[in-house]
Structures are given as C-alpha cells and as structure tokens.
Number of protein chains: 2
Amino acid sequence: MKIGELSKTTGCSIQTIRYYEKEGLLSTPERTEGNYRLYGERALKELEFIKHCRSLDIPLIDVKRLIELKNKPEESCASVNALIEQQLSLVNKRMRELKALKAELQQMVSSCTTENTVEACGIIKSLDS
Amino acid sequence: MKIGELSKTTGCSIQTIRYYEKEGLLSTPERTEGNYRLYGERALKELEFIKHCRSLDIPLIDVKRLIELKNKPEESCASVNALIEQQLSLVNKRMRELKALKAELQQMVSSCTTENTVEACGIIKSLDS
DNA sequence: ACTTGACTCTATAGTCACTATAGACTTTAT
DNA sequence: ATAAAGTCTATAGTGACTATAGAGTCAAGT
C-alpha cells in the first residue's frame, strides 16, 4: 500500500509518517519505480506501536528505545518497566498540577459576574495578585 | 533595576524576559547610557501578571489579550470570563485524558515482573496490541 | 495522444514558549 | 590595569509535528 492508504488506515497524517521514518522510528520502506513509498503489514504494525506509545504521551526518543528493546527479545525487560514507571510518575505529577490549576480557574470564574466591567472584574483582580 | 535583578526577583530567566518584551507582553524598558535595560515597579508587576497567567497554562497570545483588556477598564469583562472558562475546559479535558493514561500505564506496570525477558514482557505485549 | 486531477516526492519554514550559544560591549571589583 | 561578571543582539535548537512550494507520477476520461 502507498502512503495515503497507510495514513487513512492508521489515522496518522502523511507528513507524520514521513517524519517518523526520518527520525528512524519506522523501517525504511521499499519504493515503486516512480519512487513512491510502499508499505506492508509490518509497517502497519510498527506504526500502530508508535501510535499506541504516543497516545500514552511517551516521547519519541523513548518510543525509539522501546522499539530497540523489542528487537532484543532475550534481554531483561527491567528497562522497559523503568521507562513506563517514569512515564507514570510524570503523568501523576502533571495531574497534581492540573488539579491545582483547575481549582484556581474555578475560583476565578466564580468571582466574575459577567455584568462587571474589566475594572471590577474579579478574574483580573486575582490574576493581578 | 537591571535585567539580572528582575530575573532573580521574579524567577524568570533573562532570556524569557527579553522574549516577552519582543513579543509585546512587557512594555519597552528604558535604557542606561550603556544600553542596559532599566526596570521599575511597573515592569515587576507586568511580569508577575504574566507569570501568574502562565502558571495557569494560559497561552501567551491569550495573556496578551488579557493585558489589553486590563488596559480598557471600562469595558465588559465578559471576554475575560470566556477566556478563563475556555482555559478551564481545556484543563478538564486534559485531566480526563491523563486519567485514562494513568490507568493504562498502571495496568502495564502491574503486568511486568522484572525478572522477565523483553520477549515475555507484559508491557511490550500491551503496547503491541 | 492529451489532459485533467489525484496522489506523491523532497526540501523548507512555521508552530509554541522558551533555552542555549556566540561574539561583542559595559560595568564593577581588585 | 585587568579580570570577572553582567549585559547586549542575533541566531539556532527543542519536540512533535503541520503547512507550504514546486516538481514529478499515475490512472482515467476525452
């Protein structure tokens, strides 16, 4: 299949697919006579793997490491585990931050009665303090 | 005060301060004879306002709008409110996403017994599916 | 045979909010 | 007088894409 079909099947944009290839995350595809990229089942699976990692917010550099580890099936998976745990702690941290943000934003919204002028606006006041 | 002092007082890096100025978020400072930027109380307040907005993840373009609104105190603050509410809904959306991420990552971590090889690794398996 | 339109190619620039660097200039301390 | 610290501008890099320009390829219809 050509890049357009792979793009539709996976939901990755064409540019993103080419970008992943350039970054060494997808194996180099064959080409047609006219220099079009040609993909098979394998590329599809590689791309789904990357997509799944990205949906977990795993940065591309770590995705790359995971792919390399996948290709060394006899090694210990301790580093895979470490990577995922690190990702988990990042997510936890970000969630705590967002909780605080949410509380403050809610407080701000509740301090605003829309009939106000900017001058009297509780939101601007709280941003100012 | 010079830029280094402003940087220390506010915790913004020197480059960030210059960046905010270039983007039109800070008013243009006076200069010494030797072309050094000179700041006073006003710049300090402007910068604190920006910092506070940024700590709420409000994008710079919206911070700029808020600053403009601040300078029109007689107008209605409805658009201030809309902006903050939009920000709140973004935060909510992101929190829902992170919750789902967290659940999946935890599931993955629990599927890994560190003695495994990569081949048998539950994490890699779940990323593959 | 020719043309149209859809698809693909590479290379490059833009996004956001900074951070980092190079090379020159100014000020402060010894 | 000199060294160190601070500041200046301009430029490039970050991450993970997205968007664009300009050229080439291919299949279908006239």
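Naming: A, B, ... by sequence-line order, numbering from 1 per chain.
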Can I get a per-line list of side-chain donor-acceptor pairs under 3.5 Å for residues 68-75 of chain B, giving both atom names and the distance, sequence neighbours left out?
residue: B:K70; atom: NZ; partner: A:D128; partner atom: OD1; Å: 2.9
residue: B:K70; atom: NZ; partner: A:D128; partner atom: OD2; Å: 2.8
residue: B:N71; atom: ND2; partner: B:I67; partner atom: O; Å: 3.3

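- Closest to the A:N35 side chain, of the nucleotides C:dT19, C:dT27, C:dT10, is C:dT10.
- Checking C:dT10, C:dC25, C:dC18 against every side-chain atom of A:R37, the shortest atom distance belongs to C:dT10.
- Applying the 4.0 Å criterion to OP1 and OP2 of C:dC9, one finds that A:R18 has a side-chain N or O inside that range.
- For the pair A:R31 and C:dT10, the criterion of a side-chain N or O lying under 4.0 Å from OP1 or OP2 is met.
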- Item | Derivation of the salt bridge (charged side-chain N to carboxylate O under 4.0 Å, His left out) call for B:K51 and B:E48 | CA-CA 5 Å; B:K51 266 198 73 182; B:E48 297 284 7; 5.2 Å; no
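- A donor-acceptor contact shorter than 3.5 Å is absent between the side chain of B:K102 and the backbone of B:E97.
- The side-chain contact (heavy atoms from CB on, under 4.5 Å) search around A:D62 returns A:I58, A:P59, A:R65, A:L83, not counting sequence neighbours.
- Close approach of DNA chain D to chain B, defined as any atom under 4.0 Å from a non-hydrogen atom of the protein, starts and stops at D:dG6 to D:dT9.
- Sequence order on DNA chain C of the closest nucleotides to B:G34 and A:G34 puts A:G34 first from the 5' end.
- Contact check on B:R37 versus B:E21 returns a salt bridge, with a Lys/Arg side-chain nitrogen under 4.0 Å from an Asp/Glu carboxylate oxygen.
- Ranking C:dC9, C:dC18, C:dT27 by closeness to the B:Y20 side chain, first place goes to C:dC18.
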